[in-house]
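For clarity, every value in this text was computed on a predicted model and none was experimentally measured. One is the number of the first residue; the rest follow in order along the sequence.
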Amino acid sequence: ISRSVILAVVALAAAFFVAIWAPAAHAQRPGERPDFKITMASFDGVNLHVEYINATGIGYPARRYEVGFQWYDTAGQPLGVRHWLPVPEVERGGISILDNRSRIELSYRSGRNTYGRRLAQFMEERPNNAAELRVIVDDGDRIAEEDERNNTAILPVVPRPSTLTPDLV
């Protein structure tokens, strides 16, 4: 058997282990999955602050997920373009803090292209008819979790102050 055949077999076995067997074996055991949980969320019309944790402490290195940001109207219909924060891996512990006073870079798609926009700019450019902002940890359900129901913060939008001056009679 030639060296190239042996290397090919080893590479194939390693690829099978990394891509199929290891994630399936780990993700299928109940009680051994991550659990994203939003622990605090507030929006006062200007400042957004969201904190979330991985409640179980089970992490997945190099498993990407997204935190989604979307405005909605009073009928529950999305407004504008969904934005997201790409997160490179599921951390074992700690608190993740998202705050528009920090320099957080979001992504969004327009056509076939992906662009960047700061979270602060996304907040400033909210649609006038926005009734709520939804922040969803693991938007798209890429990570199998213990509890998928605690990933969303639905924050009512405080109306913007009127630019009209009141009539004083």
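Taking CD1 of Ile143 as the reference point, atom CZ of Arg63 lies at 4.5 Å (rounded to 0.5 Å). In this structure, CD1 on Ile136 lies 10.0 Å from CZ on Phe69, to the nearest 0.5 angstrom. Atom CG of Leu106 sits about 10.0 Å away from atom CZ of Arg82, to the nearest 0.5 Å. Taken from CD in Glu132 to CD in Gln70, the straight-line distance is 10.0 Å, to the nearest 0.5 Å. Interatomic distance, Trp71 CH2 to Asn128 CG, rounded to the nearest 0.5 Å: 11.0 Å. Atoms NE2 and CE, from His49 and Met40 in turn, are 4.5 Å apart once rounded to the nearest 0.5 Å.
With hydrogens and angles disregarded, no donor-acceptor distance shorter than 3.5 Å links the side chain of Arg33 to the backbone of Thr56. Looking at Asn54, its side chain does come within 3.5 Å of a backbone N or O of Asp35 through a donor-acceptor pair. A distance-only check finds a donor-acceptor pair linking the side chain of Asn151 to the backbone of Val137 [under 3.5 Å]. For the pair Glu145 (side chain) and Phe36 (backbone), a donor-acceptor distance under 3.5 Å is present. Judged by distance alone, with hydrogens and angles left aside, the side-chain atoms of Asn100 form a donor-acceptor pair with the main-chain N or O of Val46 at under 3.5 Å. Although no hydrogens or angles enter the test, the distance criterion places no donor-acceptor pair under 3.5 Å between the side chain of Gln77 and the main chain of Tyr72.
Here the shortest heavy-atom pairing between Glu146 and Glu32 reads OE2-N, 3.6 Å. For the residue pair Leu48 and Met123, the shortest heavy atom distance occurs at CB-CE, 3.7 Å. In plain terms, the two heavy atoms of Pro34 and Ala144 that are nearest each other are CD-O, 3.6 Å. Of all heavy-atom pairs between Ala131 and Asp73, the closest is CB-C, 3.7 Å.
For Ile154, the CD1 atom counts as densely surrounded, since its 6.0 Å shell holds more than 12 non-hydrogen atoms of other residues, nucleotides or ligands.
Proximity of Asn47 to Asp99: side-chain heavy atoms (C-beta onward) are nowhere separated by under 4.5 Å. The closest side-chain heavy-atom distance from Val157 to Phe43 is below 4.5 Å. With contacts defined as side-chain heavy-atom distances shorter than 4.5 Å, the pair Glu148/Asp141 qualifies. Side-chain contact between Thr114 and Trp84: present, with at least one pair of heavy atoms (C-beta onward) separated by less than 4.5 Å.
Under 4.0 Å is where a charged nitrogen must lie from a carboxylate oxygen, and between Arg64 and Glu89 no such pair does.
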Start with the C-alpha gap between Tyr52 and Val135, add the side-chain angles, then the distance that decides, and say whether side-chain contact (heavy atoms from CB on, under 4.5 Å) holds. CA-CA 11 Å; Tyr52 70 95; Val135 179; over 6 Å; no
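Remark: Asn113 engages Tyr115 in a side-chain contact (heavy atoms from CB on, under 4.5 Å) (not counting sequence neighbours).
In summary, the aromatic rings of Tyr108 and His83 are positioned with their centroids under 6.0 Å apart.
Connection of Val50 to Ile53 is not established within any shared hydrophobic cluster, with ILVMFWY side chains joined at heavy-atom distances below 4.5 Å, either directly or through further cluster members.
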